[in-house]
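Only one structure is covered here, and it is reproduced in the block below.
Quick caveat: nothing in here was measured; it's all calculated off a predicted structure.
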Amino acid sequence: SNVYPTSCVRGVVPEESIWIEVKPGDRILLCSDGLYDRCSDEEILSVFHELDATSDILNKLQSLAKGHGGKDNVTCLLITFHMVRDEKRV
């Protein structure tokens, strides 16, 4: 799976759409400033390398942010892409 450390949108909405090619196993993390203001990209990526289960990753990220003194809410959404079988519909 690929890791796209694209914090290029840290609080900024791009004027143009960003298209990326994803494969099964790729993940995209959408999060609030409660996470990215408190944790570096490297810390966030290390959690993805350390853990696999979605709930474990999200819990660890929230703990990290709070451990860095975060008083704001920490909202995270993790999207995981899976293979879709091509099934014919009758």
Side-chain angles (χ1 to χ4, degrees):
S1 69
N2 294 316
V3 175
Y4 301 100
T6 52
S7 53
C8 63
V9 292
R10 284 184 175 258
V12 178
V13 177
E15 292 181 20
E16 297 180 18
S17 297
I18 298 172
W19 291 89
I20 58 173
E21 185 175 328
V22 296
K23 297 181 291 229
D26 287 351
R27 294 175 167 181
I28 294 178
L29 173 68
L30 304 175
C31 60
S32 67
D33 59 349
L35 178 67
Y36 68 74
D37 275 353
R38 294 292 173 181
C39 299
S40 69
D41 290 348
E42 292 78 20
E43 286 178 298
I44 294 170
L45 286 173
S46 72
V47 172
F48 279 85
H49 293 296
E50 174 187 339
L51 303 169
D52 189 52
T54 299
S55 61
D56 292 342
I57 291 170
L58 296 176
N59 288 331
K60 177 74 173 198
L61 291 174
Q62 289 181 335
S63 294
L64 270 176
K66 297 293 183 184
H68 288 310
K71 304 257 187 271
D72 196 0
N73 69 326
V74 181
T75 304
C76 301
L77 172 66
L78 183 58
I79 302 167
T80 303
F81 293 87
H82 299 278
M83 177 66 78
V84 176
R85 290 187 298 182
D86 186 18
E87 296 180 8
K88 290 184 179 182
R89 293 187 177 177
V90 180

Holding to salt bridge (Lys or Arg N to Asp or Glu O under 4.0 Å), I want the full list of residues that pass it with Glu42, two or more places apart in sequence or in another chain.
none
To check you understand the geometry: which heavy-atom pair defines the closest contact between Arg38 and Gly34, and what is its length?
CG-O, 3.7 Å
In terms of heavy-atom contacts, Arg27 and Phe48 come closest through CD-CE2, 4.0 Å
Nearest heavy-atom contact between Leu35 and Cys76 is CD2-SG, 3.8 Å
Member of Leu78, Ile20, Thr80 meeting the side chain to side chain contact (heavy atoms under 4.5 Å, CB included) criterion with Ile28:
Ile20
For residues 56-67, dump all side-chain donor-acceptor pairs below 3.5 Å to protein atoms at least two apart in sequence or in another chain.
{"from": "Asn59", "atom 1": "ND2", "to": "Ser55", "atom 2": "O", "distance (Å)": "3.0"}
{"from": "Gln62", "atom 1": "NE2", "to": "Val74", "atom 2": "O", "distance (Å)": "3.0"}
{"from": "Ser63", "atom 1": "OG", "to": "Asn59", "atom 2": "O", "distance (Å)": "3.0"}
{"from": "Lys66", "atom 1": "NZ", "to": "Asp72", "atom 2": "O", "distance (Å)": "3.0"}

Does any part of the side chain of Leu29, heavy atoms only, come nearer than 4.5 Å to the side chain of Tyr36, both counted from C-beta?
no
Sorted by first residue and then second, give each salt bridge (Lys or Arg N to Asp or Glu O under 4.0 Å) pair with at least one member in residues 73-84; sequence neighbours left out.
none
Scanning both residues in full, the closest heavy-atom pair of Ser46 with Glu43 reads OG-O, 2.7 Å
What is the distance from atom CG of Asp26 to atom CD1 of Ile79, rounded to the nearest 0.5 Å?
12.0 Å
